[in-house]
4 protein chains.
Amino acid sequence: MSPRTPQQFENIRTEKKQIIMDAALEVFAQKSYHGASISQIAKVAGVSKGLMYNYFKNKEALISELLIVQFNRIFDSHKININNIDDHELVLFIEKSFSLLDENPEFWKLLFGLTMQTEVLEIIMPQMEKVLEPFLVGFTKYFASKGFDNPIAETQFFWGIMDGLSMDYITMGLPKEYCIQRIKDIYKID
Amino acid sequence: MSPRTPQQFENIRTEKKQIIMDAALEVFAQKSYHGASISQIAKVAGVSKGLMYNYFKNKEALISELLIVQFNRIFDSHKININNIDDHELVLFIEKSFSLLDENPEFWKLLFGLTMQTEVLEIIMPQMEKVLEPFLVGFTKYFASKGFDNPIAETQFFWGIMDGLSMDYITMGLPKEYCIQRIKDIYKID
Amino acid sequence: MSPRTPQQFENIRTEKKQIIMDAALEVFAQKSYHGASISQIAKVAGVSKGLMYNYFKNKEALISELLIVQFNRIFDSHKININNIDDHELVLFIEKSFSLLDENPEFWKLLFGLTMQTEVLEIIMPQMEKVLEPFLVGFTKYFASKGFDNPIAETQFFWGIMDGLSMDYITMGLPKEYCIQRIKDIYKID
Amino acid sequence: MSPRTPQQFENIRTEKKQIIMDAALEVFAQKSYHGASISQIAKVAGVSKGLMYNYFKNKEALISELLIVQFNRIFDSHKININNIDDHELVLFIEKSFSLLDENPEFWKLLFGLTMQTEVLEIIMPQMEKVLEPFLVGFTKYFASKGFDNPIAETQFFWGIMDGLSMDYITMGLPKEYCIQRIKDIYKID
DNA sequence: GATGAATGAGAGTTCATTCAT
DNA sequence: CATGAATGAACTCTCATTCAT
């Protein structure tokens, strides 16, 4: 009978928002941005279409917030010392990357799917770049220390390899251990 | 003014169809499958909406036929001797792969974009697999001959690398020559 | 902390209701009936959406009650002796009319805006007519006493003039003194 | 069997557009801008909702085009010599004004209803002002020639009177002849 | 072969209203 | 008395598809 406290409302919002974002990730990953509808997401989340707009201003804000939250969560979980990468840290990074694919394949499917859609991607580009930048700088330093003549190009090359392996791992299931070993070979680690 | 022969009609059909497919590729690549509309494609092709359905049963048939035609054209253009790949042929394959990206970036953007959308992709999956199969077999033979313990896994690894470099090359412009050299290094070619 | 008496509750109700109605008037005047939303009004009033329905059965009841209250308030403030209008009282009426426009332009904007929307207007028509009737009767008597052959028609004519001047005064700012003087001219007063 | 000519398409468009605009005028007049829905208008016009957007970019464009067309049509039909108004022409203007109300009450209902809604009105304000300007200038000259000390104010006063009488004429049916005569009295014509 | 008017389903979005607390 | 989460209907608008010509 007594009215809910602000704290109670806050809790409801937090939980419900999470439920909606989980549903959105699932549906967006399956159908990509334009192919997914708010109705479908609402149905998966078990809420009414109208409620979606109580939590997110519009479809764009939904995917945007979703991507940013996931993106931060994932790159925060890389515990490597970005400013001082050595062989050991590189291996950790690679292993962690693969295990992140296992943990959250939906997100990666979505992200790789969006990579080709400039229009949608540019919504979160600034945020993404901010998060990625330190990694790229760290890797460049690492490759320089390994004696690469063109450490920037090598970073791009390494990143490209990781992208491709990640993508194919999700869609077709590459042999994870084999791939990790091969990368170690390439960089003469162990 | 003179009545057209059946052959002439056939030619007109073939040419118009090509015009429409070119327009479709352009628009699909830009906006992805669900984001592109038949109207837009018709406008780019310079034909009426109605005519689109004279040549293609529906939107799905349009993208399907488009992808298959392009896919065949592209893999046909790999002139390597698939059944007997050697170091030299591998290098040719890699170089040709990059030059195909330059020739037809639209198509690759579209294809990579669709890779994550099961729903759309499975339309052309069977056809794609039929075309890819011989390549995978050929590479497996090659890697076996190079002494790899697990040539199937190595083929997947190689394919993954190529996918990633291709994707990043299109979207962000990797240094092509550097990447090619690095692959040669990896396989100790030259 | 001490329990509130029924009288205190009643006072709270009355005050809150007034706050809501003030907010409603503001928003309705700006956006018209259909263009205004309960949420907006609640926000302006500084109360929750839910509370709105504690005080008013629904949106229609809100505007209806609002209009009636304002309407009564305004016509009550005409202190003229309705049953015995003379030249002096007419001038007072006209001057008071203009000053009411200045005091509460929001209300008049709303009222004139609704005048053309039968659907909304008929909600308060009966009440309005009850309030207006005595004025019309009074003016008719006055115009009859002034020697007009068709005092009813003259009342309508006078009323129409006042409507038009009021409307244009609110929307475009006519020169008030000039208009008042011109009406005095027309009726040969002073 | 032969395809329609561009002329035939043109004719279809012109006729259908007129049907839709007639329906729109009817519904907008009854319910005002925000209260009227595209669905309702489509139903009255006897077309599908979708077709509405083949003819008008959106709701705003519909009312805008509608108002401008009607506005021009109406003010074009005033055949008075705007640059040289005399007593006779003034009477013609007044009589014509009333007969226009009879001919097209829907439009006037809509226009007066919108007068209070800045937001909607400003869509067509520039166009309206362009049409009205010459009339206001003409009347000002006329009142100056009649010896009014403040002919601009008199024009505003006259316009206000006409607005009010028009509005009340539409909504409540003033006695037309009586009103016309009274205006003649005011300006000492005949 | 070719056109574009026309449809209808469904997209994104808003909002009056209800209700558990 | 008071809150805001939740709903569902209705809104504006889009688009694949059909069809008369």
Side-chain angles (χ1 to χ4, degrees), chain A residues 1-6 8-13 15-17 34-42 46-60 62, chain B residues 4 8-9 12-13 16 34-42 47-60 62, chain C residues 4 8-9 12-13 16 34-42 47-60 62, chain D residues 1-6 8-13 15-17 34-42 46-60 62:
Chain A
M1 278 297 175
S2 62
R4 276 186 269 234
T5 64
Q8 282 174 308
F9 280 125
E10 179 71 20
N11 291 345
I12 291 174
R13 280 195 81 80
E15 283 166 31
K16 200 45 79 72
K17 199 162 185 176
H34 283 110
S37 81
I38 295 288
S39 291
Q40 288 160 4
I41 297 170
V47 303
S48 67
K49 230 188 333 173
L51 193 62
M52 301 289 292
Y53 290 86
N54 191 321
Y55 288 92
F56 299 92
K57 193 172 152 285
N58 52 31
K59 194 182 179 184
E60 187 177 313
L62 171 55
Chain B
R4 282 184 266 233
Q8 281 175 313
F9 274 121
I12 291 175
R13 275 196 77 81
K16 264 288 159 63
H34 284 107
S37 81
I38 294 288
S39 289
Q40 287 162 7
I41 297 171
V47 303
S48 70
K49 239 185 316 177
L51 196 60
M52 304 286 293
Y53 289 84
N54 197 320
Y55 289 95
F56 301 92
K57 188 170 155 284
N58 52 31
K59 196 182 178 185
E60 188 178 311
L62 171 56
Chain C
R4 282 184 265 239
Q8 281 175 312
F9 274 120
I12 291 175
R13 275 197 78 81
K16 264 289 160 64
H34 284 108
S37 80
I38 294 287
S39 289
Q40 287 161 8
I41 297 171
V47 303
S48 70
K49 238 185 316 177
L51 196 61
M52 304 285 293
Y53 289 84
N54 197 319
Y55 289 95
F56 301 93
K57 189 170 153 283
N58 52 30
K59 196 183 179 185
E60 188 178 312
L62 171 56
Chain D
M1 276 299 176
S2 62
R4 275 186 270 234
T5 64
Q8 281 174 308
F9 279 124
E10 179 72 18
N11 291 345
I12 291 174
R13 280 195 82 79
E15 283 166 31
K16 200 46 81 70
K17 199 163 185 175
H34 284 109
S37 81
I38 295 288
S39 290
Q40 288 161 4
I41 297 170
V47 303
S48 68
K49 229 185 334 171
L51 193 62
M52 301 289 292
Y53 291 86
N54 191 322
Y55 288 93
F56 299 93
K57 192 172 152 288
N58 52 33
K59 196 183 178 183
E60 186 176 314
L62 172 55

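Each chain gets a letter, A, B and so on, in the order its sequence line appears, and its residues count up from 1.
- For B:Y55, whose side chain is taken as the heavy atoms from C-beta onward, the closest listed nucleotide among E:dG1, E:dG4, F:dC1 is E:dG1.
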> What does nucleotides 13-19 of chain E look like as a protein-contact string, B for base, S for sugar-phosphate only, - for none, at under 4.0 angstrom between heavy atoms?
Replying inline: BB-SBB-
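- Of the side-chain N and O atoms in A:N54, one or more sit less than 4.0 angstrom from OP1 or OP2 of F:dA5.
- With rounding to the nearest 0.5 Å, the separation of CG in B:L51 from CG in B:N54 is 5.5 Å.
- In this structure, OH in D:Y55 is found 9.0 Å from NZ in D:K17, a value given to the nearest 0.5 Å.
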>> Give the dot-bracket line for DNA chain F from 5' end to 3' end: parentheses for intra-strand Watson-Crick or G-U pairs under 3.5 Å, square brackets for crossings, | for inter-strand pairing, dots for unpaired.
In response: .||||||||||||||||||||
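- Summarising the geometry, atom CZ belonging to D:R13 is positioned 15.0 Å from atom CD belonging to D:Q8; distances are rounded to the nearest 0.5 Å.
- For the OP1/OP2 pair of E:dG1 and a distance below 4.0 Å, the side-chain nitrogens and oxygens of B:R13 include at least one atom meeting the criterion.
- The 5' end of DNA chain F is approached more closely, in terms of each residue's nearest nucleotide, by C:M52 than by the other of C:M52 and D:F9.
- No more than 12 heavy atoms of other residues, nucleotides or ligands lie within 6.0 Å of CD in D:E60, so this atom counts as exposed by the packing criterion.
- Residue A:S48 has its side chain nearest to F:dT7 when only F:dT7, F:dG4, E:dA6 are considered.
- The distance between atom CZ of D:F56 and atom P of E:dA5, rounded to the nearest whole Å, is 13 Å.
- Rounding to the nearest 0.5 Å places CG of B:N58 at 11.0 Å from CE of B:M52.
- Applying the side chain to side chain donor-acceptor pair (under 3.5 Å) criterion to C:K49, with sequence neighbours excluded, gives no partner residue.
- Side-chain contact between B:K59 and B:L62 is absent, with no heavy atoms from C-beta onward closer than 4.5 Å.
- A:Q40 contributes atom CD, which lies 10.0 Å from atom CD1 of A:I38 (distance to the nearest 0.5 angstrom).
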